[in-house]
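These notes are about the structure you will find just below.
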Amino acid sequence: MKNIQLFIPKFRKEEILEHISLCLDKGWTGLGFKTVEIETLWKEYTSLPHAHFINSNTSGLHLAFKILKDANKWSDGDEIITSPLTFVSSNHAIMYENLKPVFADVDEFLCLDPKSIESKITKKTKAILFIGIGGNTGQLNEVIELAKKHKLKVILDAAHMAGTFIKNPVTGESEHVGHRVDVSVFSFQAVKNLPTADSGMICFANEDYDILVRKLSWLGIDKDTYQRTNDKGSYKWEYELVDVGYKYHGNSIMASMAIVGLKYLEEDNKRRREICSKYEKILTQNDIKVVSTHKDCIVSSRHLFQIVVNDRNKFMELLNSAGVYPGVHYRDNTNYKMYNEFFGQCPNSHQVSEKLISLPLHMGLTNEDVDYVIEQVVRINKIIEG
Ligand SMILES: Cc1ncc(COP(=O)(O)O)c(C=O)c1O
């Protein structure tokens, strides 16, 4: 019996262990050392001006809202336009800072639709949280223009977007996502494209915010222990406290995993795109609706490959009985009790969220596995649709 799972992370064990071994020999597993190295490598890869390695995307989103709220003097209850079609972390981060999520609807790319965003803007709106579902940019360029017009900040939840390149509308060139927003936050959680166990990267456009986020992710302390140790060769114990910070920084063990993950990111994403091209070509030939990428998404990280089906429960049940175990990204968040008051405000998100299936997509899939998944999806679709 086949057993084809949605996600299985691929770890280059020997290479990761070499980096971890250096940490153990040096006696340095925490913040600093390998975290400095991954930040430098990430900046080189993306050409983003700033990058701070943190313990998760969730923590990074929280810090993004905290810093932007304090710096721009937003008040409790000010509004952030966001999507109901996302992992709960995105909208939790808004709530952590006592801001109010205002749900706008998604487009065919499952990302925020600029027209729907515009209809939700009020005097209290301060920012847009854009989520690049599956690595897709959707209409991010239009959303950035809209934000400029209304003087709103843009926070990019780039959890799925390590290795997504977007068309810069000014130069026409391809660039890694994150350049034209106020802050982008990536996830390096275990099943993401750049897998560690848990970690991420927060990239502010503004240098002062980058300096601040380093302090706030280390309890508000102005100098980390690695810097204090390395200052003049001897350990300096003095430091200043600037705010009530959090313990959100990354460590050198996670950074070791991320360094190796980054080395193979392009190769792995290329394989993801190969699998997705095959899925997309054959499934669309068989009249199965797939979620495709926006034209500005020059290179997608292809974290997900999603299809839209009518009877999802039946479809998943039949796939499971054929040994294929797909996933669902995501349940309309307004279905959850805590957001129930907003239920019904985003009809597209609601309808599509009932129909989405994410097909298996990871480095462990063989070409035969991909053919088998396609064969099963086509077969089941015929059974259900007749
Ligand atoms: C869209 C989205 N945002 C945020 C997160 C949170 O990422 P992390 O697990 O690194 O906190 C995830 C993780 O699944 C996600 O898919």
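Both counts, for ligands and for their atoms, begin at 1 and track the order of listing.
Here Arg272 does not pair with Asp268 in a salt bridge; the nearest charged N to carboxylate O distance is not below 4.0 Å. Contact check on Lys263 versus Glu15 returns a salt bridge, with a Lys/Arg side-chain nitrogen under 4.0 Å from an Asp/Glu carboxylate oxygen. Contact check on Lys115 versus Glu142 returns no salt bridge, with no Lys/Arg side-chain nitrogen under 4.0 Å from an Asp/Glu carboxylate oxygen. At a threshold of 4.0 Å, the pair Lys223-Glu238 does not count as salt-bridged, since none of the basic side-chain nitrogens sits closer than that to a carboxylate oxygen. Look at Lys270 and Glu267 and you find no salt bridge, because none of the NZ, NE, NH1 or NH2 atoms lies under 4.0 Å from a carboxylate O.
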Between ligand 1 and the protein, which N/O pairs are shorter than 3.5 Å?
residue, atom, partner, partner atom, Å
ligand 1, 3 (N), Asp157, OD1, 3.3
ligand 1, 3 (N), Asp157, OD2, 2.7
ligand 1, 10 (O), Asn57, N, 2.9
ligand 1, 10 (O), Ser187, OG, 2.7
ligand 1, 11 (O), Asn57, N, 3.4
ligand 1, 11 (O), Thr58, N, 2.9
ligand 1, 11 (O), Thr58, OG1, 2.5
ligand 1, 14 (O), Lys192, NZ, 2.7
ligand 1, 16 (O), His160, NE2, 2.8
ligand 1, 16 (O), Tyr330, OH, 2.8

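In terms of heavy-atom proximity, Asp105 sits nearest to Cys346 at OD2-C, 3.3 Å.
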